[in-house]
There are 2 protein chains.
Amino acid sequence: MAERAETGLRSTRQRHAIERALGAARGFRTAQELHDELRRDGVSVGLTTVYRTLQTLAEGGAVDVLRNGEGEVIYRRCTTGEHHHHLVCRACGHSVEVASDDVERWAGETATHHGFTSVTHTAELYGLCHSCSPEGRPGK
Amino acid sequence: MAERAETGLRSTRQRHAIERALGAARGFRTAQELHDELRRDGVSVGLTTVYRTLQTLAEGGAVDVLRNGEGEVIYRRCTTGEHHHHLVCRACGHSVEVASDDVERWAGETATHHGFTSVTHTAELYGLCHSCSPEGRPGK
DNA sequence: GCTTTATTGACAATGATTTTCATTTGCGCC
DNA sequence: GGCGCAAATGAAAATCATTGTCAATAAAGC
């Protein structure tokens, strides 16, 4: 349940294709988008396999996992392993990736203070990007 | 599409019940949890109606909408004032409310830096409370 | 080349949310 | 107080992303 890194894990055509597609993508992709792109590329891979492979990669820390505004799971190849959060525009969906050492520290300290372990956290910012902001008018 | 406040909108038993339940709830609720609580309260309201009413309230800005870690939509009565975050135990569901000035400041600064306005944020911590922690064994 | 066993993938199943549509019911009006 | 219509309700069916099932396939090691 926690030992898998080198145990099994065969090198298959499908896994390579999925990793390549993920690497080629600049941003986040849903499993289905990735599946479509592979099909478009002429690579035949089952949707189930895409889902499963992405999960496996995510467990191994090879990809970042989060959710888009609609609750769908989205994946991205892990950029140097450091994790960050997102600032999303409520109006147009535009998103910016932001670092957040402060939040990481806060999460860790708060959890420890309350005796929690194995802590993960979510922190998303929602607002109106400058293109969507009604200038000079404070929202709501 | 933006004019509805007084147009239609009848005052029904169901809508009142849902609003009351939301007000009584301390934190976020999924539509289904709310539905269960209403049933438990002896109030008969259709699940469909709960979903629809929550959507309507959300559109009107009366409730905050976000998603829990599993991608489910969760609602909370809009408390534009003070807010806090939650540290939730993954295993038993126990939750602790935590203040977080650091996060508030980070959210504000980050948003401003990127030109966003009307920013709100969510920050939830998920972990294992000390009762559920496998002592001495790091998770996963 | 052969065996073992992880992997694959078509299909069924799940579960939250939405849609459909016939019935009910606020609410303004007479 | 009674009518009528559009909004609201809700049970059941439809969606849709995701997960489970399981027989067939194909790496890796011998």
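Throughout, a chain's letter reflects where its sequence line sits, starting with A, and its residues are numbered from 1.
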Taking only Lys NZ, Arg NE, NH1 and NH2, and the carboxylate oxygens of Asp or Glu, determine whether Arg77(A) and Glu19(A) approach each other closer than 4.0 Å.
->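 Between Glu19(A) and Arg77(A) there is no salt bridge, as every charged N stays at least 4.0 Å from the carboxylate O atoms.
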Would you call Arg39(A) and Asp36(A) a salt bridge, taking side-chain N to carboxylate O under 4.0 Å as the test?
->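 Result for this pair is no, no salt bridge flagged.
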For Thr48(A) and Gly71(B), take the nucleotide of DNA chain C holding the closest heavy atom to each; which residue's nucleotide lies nearer the 5' end?
->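 The residue mapped nearer the 5' terminus is Thr48(A).
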In this structure, how many angstroms lie between the [atom2] atom of [N] and the [atom1] atom of [X], rounded?
| X | N | atom1 | atom2 | answer |
| --- | --- | --- | --- | --- |
| Glu72(A) | dT18(D) | CD | C1' | 11 Å |
| Asp36(B) | dG15(C) | CG | P | 14 Å |
| Glu59(B) | dA7(D) | CD | P | 15 Å |
| Arg15(A) | dG9(C) | CZ | C1' | 15 Å |
| Leu54(B) | dA16(C) | CG | P | 15 Å |
| Ile18(A) | dG9(C) | CD1 | C1' | 12 Å |
| Ile74(B) | dT17(C) | CD1 | C1' | 15 Å |
| Leu47(A) | dA17(D) | CG | C1' | 9 Å |

For the residue pair [X] and [Y], establish whether any side-chain heavy-atom pair is separated by less than 4.5 Å.
| X | Y | answer |
| --- | --- | --- |
| Gln32(A) | Tyr51(A) | yes |
| Val50(B) | Gln14(B) | no |
| Leu34(B) | Leu54(B) | yes |

Does a side-chain N or O of [X] approach OP1 or OP2 of [N] to a distance below 4.0 Å, or not?
| X | N | result |
| --- | --- | --- |
| Arg52(B) | dA8(D) | no |
| Thr12(B) | dT9(D) | yes |
| Thr30(A) | dA17(D) | no |
| Thr49(A) | dG9(C) | yes |
| Gln14(B) | dA8(D) | no |
| Tyr51(B) | dT17(C) | yes |

N/O donor-acceptor pair, side chain Ser11(B) with base dC27(C), under 3.5 angstrom |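 Under the 3.5 Å cut-off, the side chain and the base do not form any donor-acceptor pair.
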How would you label the contact of Gln32(A) with the nucleic acid (heavy atoms, under 4.0 Å): base, sugar-phosphate, or nothing?
->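 The answer is base, as Gln32(A) lies within the cut-off (heavy atoms under 4.0 Å) of a base atom.
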When we call it a touch if two heavy atoms are under 4.0 Å apart, what does Glu70(B) touch: a base, just sugar-phosphate, or nothing?
->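 Nothing, no nucleic acid heavy atom in range.
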Side chain of Arg10(B) (C-beta onward), nearest among dA7(D), dG10(D), dA10(C) =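 So the nucleotide nearest the side chain must be dA7(D).
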